[in-house]
Amino acid sequence: MEKDSKISKAVELIAQLSVDRASQVLSKLIRSGARITLERAYMTDISEATAKINAQENQAEVIGSMVDMMGDAPFKFLFYADAPSCLILTDLILQREVGLTKEFNIYVRSTIQEIGNIMASAVCNVFASDFEIAMKPTPPKVVHDFLGTVFQEFVMGTAAERDEVMIIESRFYIVRYDVKCTIYILPFPGSDKTINYICNTRLKGE
Amino acid sequence: MSDEKILSVGVGDIQVAKAPIIITTYLGSCVAVCLYAPLHKVGGVIHFMLPKAGPTHEGLILKKEKYADTGIPELLRQLKNVFKLEKDAFVAKIFGGANVVKSVSRQFGQENVEAAGEIIKRLRMNILASHTGGEKGYKIMFDLNTGKVNCTVFGGPPIEY
């Protein structure tokens with residue numbers, strides 16, 4: 001029980017630091033405040049998690065960027081937003097009038113790819129600076145599809161090896177433009193020893 | 001379709017039911033096999049993710065619903081047990097198996113579609129319709145009242161099978 005509580009404290013700590021850093025980076029990128037509206041880490045059955053996503057009524061098209069982080073604490077990162085929000089994000093990043101981008105094109109693809117890359121790297125920096133754990137990102141993969149399909153492809157690699165997975169979920173709200181985006185962080189099975197390491201070093205005495 | 005209850009199937013899962021129910025799911029490289037008994041208006045869907053079950057790194061086999069070779073027979077077993085029907089009462093339809101994430105070197109979608117076809121053939125069942133492959137996700141809505149599957153490939157119009 002004591003070990004479980006330490007592990008959940010370690011995950012909570014990683015989640016808080018990562019989400020804080022990601023939100024700062026997103027705000028800086030778009031030069032507008034991004035508020036964290038949800039932040040949670042939980043264990044879930046993969047079938048239940050995907051069924052819940054599939055059952056969401058708002059299944060509009062989304063554009064997502066997936067990044068695999070390899071190293072001592074490997075994890076998978078997904079940033080996504082619905083299509084209208086991605087068009088706004090593209091105009092913000094390109095520093096032009098909001099409303100100019102009207103459809104999914106190469107600029108939108110590149111913008112979402114870049115946001116995914118930068119935010120995932122921000123999470124990696126937390127591991128490096130706060131826990132001395134080196135990580136390396138793989139090139140982001142951009143997917144433009146149904147939310148259910150994007151989420152399914154995101155969990156595929158981990159779900160093949162386990163029935164239950166740990167998910168760190170966070171939502172950001174860009175108040176000025178009414179843009180909602182979501183990030184998911186999915187630790188790979190090999191992350192267990194790193195989480196234990198954090199428990200035994202950083203949370204010593206708690 | 002408005003009065004019917006909707007059941008959602010997640011990755012590596014099975015849903016079996018009797019009309020009036022609509023079973024729905026979203027697919028990428030995963031494949032959905034829909035089995036339907038037209039005379040009894042009962043059916044089920046498996047949403048599997050890999051063609052073949054194998055021992056994991058810890059030597060354990062995970063949920064059989066995740067794999068075509070263990071999951072499709074399991075779907076048939078559940079339908080037979082719950083509704084007391086014989087195998088011959090059912091027909092099959094197959095959807096999904098897209099190559100959504102293009103940089104993945106192994107074509108799981110294609111492998112899943114082939115595995116589903118082989119297993120249904122081995123079970124000596126008829127494949128009545130299928131829509132598989134491509135590079136975009138699928139949304140399917142399986143209406144147990146009619147046995148029709150409404151299939152939408154992302155960006156395209158819904159087509160009934």
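Note that the coordinates shown come from a computational prediction; the quantities given were computed from them, not determined experimentally. Here is how names work: the chains are called A, B, and so on, in the same order as the sequence lines, proteins then strands, and each is numbered from 1.
Here the CZ atom belonging to B:Phe108 is positioned 6.0 Å from the CE atom belonging to A:Met156, to the nearest 0.5 angstrom. Interatomic distance, B:Tyr26 OH to A:Gln152 CD, rounded to the nearest 0.5 Å: 11.5 Å. Expressed to the nearest 0.5 Å, how far CZ of A:Phe146 lies from OG1 of B:Thr152 amounts to 5.5 Å. B:Lys139 contributes atom NZ, which lies 11.0 Å from atom OG1 of A:Thr149 (distance to the nearest 0.5 angstrom). Within the model, atoms CE of B:Met49 and CD of A:Glu153 stand 9.0 Å from one another, a figure rounded to the nearest 0.5 Å.
Other residues, nucleotides and ligands contribute at most 12 non-hydrogen atoms within 6.0 Å of the NZ atom of B:Lys148. A 6.0 Å sphere centred on NZ of A:Lys136 holds no more than 12 heavy atoms belonging to other residues, nucleotides or ligands. The environment of CG in B:Asn126 is sparse: at most 12 heavy-atom neighbours from other residues, nucleotides or ligands sit within 6.0 Å. A 6.0 Å sphere centred on CZ of A:Phe104 holds more than 12 heavy atoms belonging to other residues, nucleotides or ligands.
Across every non-hydrogen atom of A:Ala55 and B:Ser8, the tightest pair is N-OG, 3.7 Å. B:Val101 and A:Val143 get closest at one heavy-atom pair: CG2-CG2, 4.1 Å.
For residues 44-51 of chain A, a heavy-atom distance under 4.5 Å to chain B picks out A:Asp45, A:Ile46, A:Ser47, A:Thr50, A:Ala51, given by residue number.
Between the side chain of A:Asp145 and the backbone N or O of B:Gly137 there is at least one donor-acceptor pair closer than 3.5 Å.
Note on B:Val11, B:Thr25, B:Leu7: by heavy-atom pairs under 4.5 Å with chain A, the leading option is B:Val11.
For chain A, the nearby part of B:Val9 is the backbone; its heavy atoms alone come within less than 4.5 Å. Contact of B:Thr24 with chain A is not made at all, since no heavy-atom distance falls under 4.5 Å.
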